[in-house]
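Atom set for the values below is all heavy atoms of this structure, side chains included, hydrogens, waters and symmetry mates excluded. Order of the sequence lines fixes the chain letters, A, B, ..., with proteins taken first and strands second; residue numbering starts at 1 for each chain.
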Amino acid sequence: MSGGSCLLLSEKHPMATERYNPRASEPKWQKAWAEKKLFEAHNDDPRPKYYMLEMFPYPSGRIHIGHVRNYTMGDVVARYKRAKGFNVLHPIGWDAFGLPAENAARDNNVNPRDWTYANIKTMKGQLKSMGLSWDWAREFATCDASYYKHQQKMFLDFWKAGLAERKSAKVNWDPVDMTVLANEQVIDGRGWRSGALVEQRDLTQWFFKITSMAQELLDSLSTLERWPDKVKLMQANWIGRSEGLLIRWPLAAATAPAGERELEVYTTRPDTIFGASFMAIAADHPLTKRAAEDNAELAAFIKDIKRGGTATAEIETAEKKGFDTGIRVVHPFDESWTLPVYVANFVLMDYGTGAIFGCPSGDQRDLDFANKYGLPVIPVVMPQGADARTFQITEEAYTDDGVMINSRFLDGMTPQAAFDEVATRLSGIAIGNRPQAERKVQFRLRDWLVSRQRCWGAPIPVIYCDDCGAVPVRAENLPVELPDHLSFDKPGNPLDNHPTWKHVDCPQCGKPARRDTDTMDTFVDSSWYFARFTDPWNEAAPTTMAVVDGKNGWLPVNQYIGGVEHAILHLLYSRFFTRAMKATGHLNVVEEPFDGLFTQGMVVHETYRIGSGANGQYVTPAEVRVDMIDGERKAALISDGTPVEIGAIEKMSKSKKNVVDPDDILANYGADTARWFVLSDSPPDRDVIWTEAGVEGAHRFVQRVWRQVSEAAPALAGVSPAQGVSGPALELSRMAHRAAKQVAEDIERIAFNKGIARLYELVNAIQTLAPAGAFTAGKSEPSGSNVLGGGSLNPENAPALRQALEMLVIMIAPMMPHLADECWSTLGGTGFVAERPWPVYDPALVVDSEIVLPVQVNGKKRGDLTIARDADQGAVEKAVLALDFVQKALEGKAPRKVIIVPQRIVNVVA
RNA sequence: GCGGACGUGGCGGAAUUGGUAGACGCAAGGGACUUAAAAUCCCUCGAUCUCUGAUCGUACGGGUUCGAUUCCCGUCGUCCGCACCA
């Protein structure tokens, strides 16, 4: 066992059959498929449509093993669906805008465009060697002007429709990437790409109004039956709906700054209103600003918490701090009850109203705050059955359901009833022209900030004129193309620094004006590419209404496959974009872009390290050999035998060096072996551990199939396939037909590992019933248990063997398409396997006429009963009670009960 | 802190609605073939014991059931998402 090179393919064999050589075979078939345009879909093909899509790659330079797994899975589904008679659309393109190109451009003094297209060329070559059944005729990159032109058109359409707007807001600023980020792109307070602590800045930027669809995006999750629950839950949490009450608290006149009358708060727990003991408002709250005008101490406090609070991450860990403004509010249900108003560092200005009422007994954070500042703690909800007179809250808030106490007219109610009672009463009281409280649904979701201060993206097609303001670029002037030359000499956005690009005349008045030098978030590019694939040739419009969706259209994507890391960002944005496209006339009916979603696991690998601690150095699997020494796996450097420590199994990463290069695998073993390996063993949604031994196992299987087929082929020349009727031929047909049924079901359910196990079983059975080698070598063993007779293939059995092998070849084709075609042509088949339909199984062959029923006594298996499949319950019971071990267990007594689960099991209760 | 998922041999994992636990693969051990190696083929492979059989066994402790890997309650552990969201 080693992680190093492999010589398998260069070995010479004196045996009759040559080893299968993927290096010769795979390019041959890839070329033949391309020439036949086998995988190009036609929009006017009358067969039922099936749209199979994998998340398209970013052209980083080289493919990684995760691509191999993702695209193999999609290819299995695409090839299978073709065999099932569908007109399959299986396109590929490039998510080609983004920061790595800019960084490469800056560091190596190249044009980001050249860098990107060179990478695409390299990766395209690599991916083509995998034999994926993609429709390359529809390929595009999002950095093609012919693509982003339409995106710019849709941006303007969204603007016109009120789905995009320019507004000033507090935004996340990434100080390393020097750009703003959307909320979704801030992870643990850091930029999703740079990892830098994100700062808050007030800027005027473009937003897509995704919040206007918050309710709809939430509700429609329940219609996505073929999405993982996990992803739906993550989206639901992200949208973060809550139901509450907006309550206006009058300020006590003597304590309020001049002109200030009330404080409006949002709460989801109005039932706890009699447990309120303080109000807390954000540092940015207007009332805070008023209060600080003549309170230097407060002003200093605000300055202090704002300094600590520029970075989101710091807010999260900061100690809870408050400052009593001296302002008092009056309790809505008791004019004589006033509560202090604090400025607190834990209250966020951009959620709710930026103000809360604190109920210490029902909220841990409020309790901590109250204990710190000596504020009252009044229990208002207690568990069922507790004693209201003695129930107390000291260190731990009570947040569960229960009974209302210490709450006057709410006492004895459930919190839910109390919620409604408070809502009803306060809604009925008017202050000025408005009720004192109203029900309000609040979302956590914020609008999608799409402006980026970057040069390698789709330009925002807006011109700013001193007189006319923000003016859309005229449709006939689209696309707004990026300039050919970009200079990274100066800091900041090269588009902004460009000497001429931004200077244009106002489309409205003709006066000199300036372009928007921001580009769109690259997640905009990937929010509609799936729609563009349906007709990438349309120059006039983003989509062609006749084919994009609806009766004769492609969308929604039937099966989408990609990484779970896009569970929120890409998938939520795409769902919004699809709705926005429908609203602006770019789609007919579809609102959900992806009917079926599958999130595949990662490819992980052991790590290898020399030395430990700070001196430890990771080494690549290719440099290491692993041997079994005294039952223990030991690793050492191949070069000089230096001992190497075997570390944890982790996601492949450059820093841990636990990467395997797909190119090496493809060169050593071929695409089919790589494809087969990434599909076997682990369920597709879980991580798969890459091991050299596993790859070699996959390669052994490739050779086994080849040997089986190629050695039987001469004996099968001129034989027509047919089902076997008896003996080993019948058994062979049973196995093949059963596999045809099961493998299809497994692929439909995206359980490729199980389908592969079935195929192993089938090959094992074929090998037992028709031993390879017997056809060519003179040393066969004639036997009644296989299809041979007298040392060669019994002619009576030949049709069944031919059928089983043909079925096998068609069934392995989705996973190992090159080997399948090589086998197919060796068997004398015409055309390509990809043109063959999926084998139809004979239902009579997949059920046995006799079944083996396990027999339990008192729930423990004691033996089997072989009986006719259609035997009735009475016959089964009789036969069971006659069994030796049952008789013995019953000791002559009658059974208390006999439970017969038809076709499954019998349990005798003694 | 909140929400969710998961826990099965030496390893990856099967077991479709509660019905034979360990399919299939990997690793390991033994054998055949070979001058030798590779390749290939055959056999063994959850644990224990009084070994032609029996007992135990799906993280741990309970429960429901004729029957539990599967359902319920509790404990422990691992992973993921969100996180001062009022």
Kindly indicate whether a cation-pi arrangement holds for A:Arg19 with A:Trp706, taking the cut-offs as under 6.0 Å to the six-membered ring centre and within 45° of the axis.
-> no
So, does [X] get its side chain near the phosphate of [N], meaning an N or O under 4.0 Å from OP1 or OP2?
X        : N     : value
A:Tyr760 : B:G25 : no
A:Arg707 : B:U40 : no
A:Gln767 : B:C41 : yes
A:Arg444 : B:A83 : yes
A:Asn753 : B:G25 : no
A:Lys860 : B:C56 : yes
A:Asn907 : B:U65 : no

Between [N] atom [atom2] and [X] atom [atom1], what is the distance in whole Å?
X        : N     : atom1 : atom2 : result
A:Met234 : B:C82 : CE    : P     : 6 Å
A:Asp400 : B:G3  : CG    : P     : 10 Å
A:Asp746 : B:G13 : CG    : C1'   : 14 Å
A:Asp681 : B:G25 : CG    : C1'   : 5 Å
A:Leu569 : B:G81 : CG    : P     : 12 Å
A:Tyr351 : B:A83 : OH    : P     : 13 Å
A:Lys440 : B:A86 : NZ    : P     : 12 Å
A:Leu445 : B:G81 : CG    : P     : 19 Å

Would you confirm whether A:Thr866, through its side chain, and A:Val852, through its main-chain N or O, come within 3.5 Å as a donor-acceptor pair?
-> no
N/O donor-acceptor pair under 3.5 Å between A:Gln708 side chain and A:Ala770 backbone =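 Pair found, side chain donor or acceptor close to backbone of A:Ala770.
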Can you say whether the rings of A:Tyr266 and A:Tyr351 are parallel (under 30°), tilted (30 to 60°) or perpendicular (over 60°)?
->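 Perpendicular: the ring planes of A:Tyr266 and A:Tyr351 meet at over 60°.
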Is [X] touching bases, backbone alone, or none of the nucleic acid, heavy atoms closer than 4.0 Å?
X        : result
A:Gly697 : sugar-phosphate
A:Arg700 : sugar-phosphate
A:Gln856 : base
A:Arg241 : nothing
A:Val906 : nothing
A:Val901 : base
A:Asn764 : sugar-phosphate
A:Thr267 : sugar-phosphate
A:Lys754 : sugar-phosphate
A:Arg686 : sugar-phosphate
A:Leu233 : sugar-phosphate
A:Asp366 : nothing

When the [atom1] atoms of [N] and [M] are considered, how many whole Å apart are they?
N     : M     : atom1 : answer
B:A47 : B:G22 : C1'   : 13 Å
B:G12 : B:G63 : C1'   : 33 Å
B:G1  : B:U75 : P     : 14 Å
B:C41 : B:G46 : C1'   : 27 Å
B:C73 : B:U8  : C1'   : 22 Å
B:U58 : B:G13 : C1'   : 13 Å
B:U70 : B:G61 : P     : 13 Å
B:C79 : B:C71 : C1'   : 24 Å

Under 3.5 Å, is there a donor-acceptor pair between the [X] and [Y] side chains?
X        : Y        : answer
A:Asn753 : A:Ser680 : no
A:Asp746 : A:Gln742 : no
A:Gln600 : A:Arg69  : no

Has A:Gln903 got more than 12 heavy atoms of other residues, nucleotides or ligands less than 6.0 Å from its CD?
-> yes
Run the ring-ring contact (aromatic ring centres under 6.0 Å, His included) check on A:Phe677 and A:Trp690 step by step: do they pass?
-> CA-CA 9 Å; A:Phe677 173 73; A:Trp690 186 278; 4.8 Å; yes
Counting side-chain heavy atoms from CB outward, which of B:A21, B:A23, B:A86 is closest to A:Glu761?
-> B:A23
State which of B:C84, B:G19, B:G25 makes the closest approach to the side chain of A:Ile905.
-> B:G19
Using Watson-Crick pairs (N1 to N3, plus N6-O4 or O6-N4) and G-U wobble pairs, both distances under 3.5 Å, which stems of at least 3 pairs involve RNA chain B?
-> B:1-7 with B:76-82, B:10-12 with B:24-26, B:28-32 with B:40-44, B:46-49 with B:53-56, B:59-63 with B:71-75
Hey, which sits more toward the 5' end of RNA chain B by its nearest nucleotide, A:Asn237 or A:Ile756?
-> A:Asn237
So which one's nearest nucleotide on RNA chain B is more toward 5', A:Lys230 or A:Arg446?
-> A:Lys230
Look at the side chain of A:Lys320 against the base of B:C84 and say whether a donor-acceptor pair falls under 3.5 Å; ignore hydrogens and angles.
-> yes
State which residue, out of A:Phe323, A:Phe278, A:Phe357, fulfils the ring-ring contact (aromatic ring centres under 6.0 Å, His included) condition with A:Phe369.
-> A:Phe278
Electrostatic pair A:Glu264-A:Arg248, nearest N-O below 4.0 angstrom |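 So A:Glu264 does not pair with A:Arg248 through a salt bridge.
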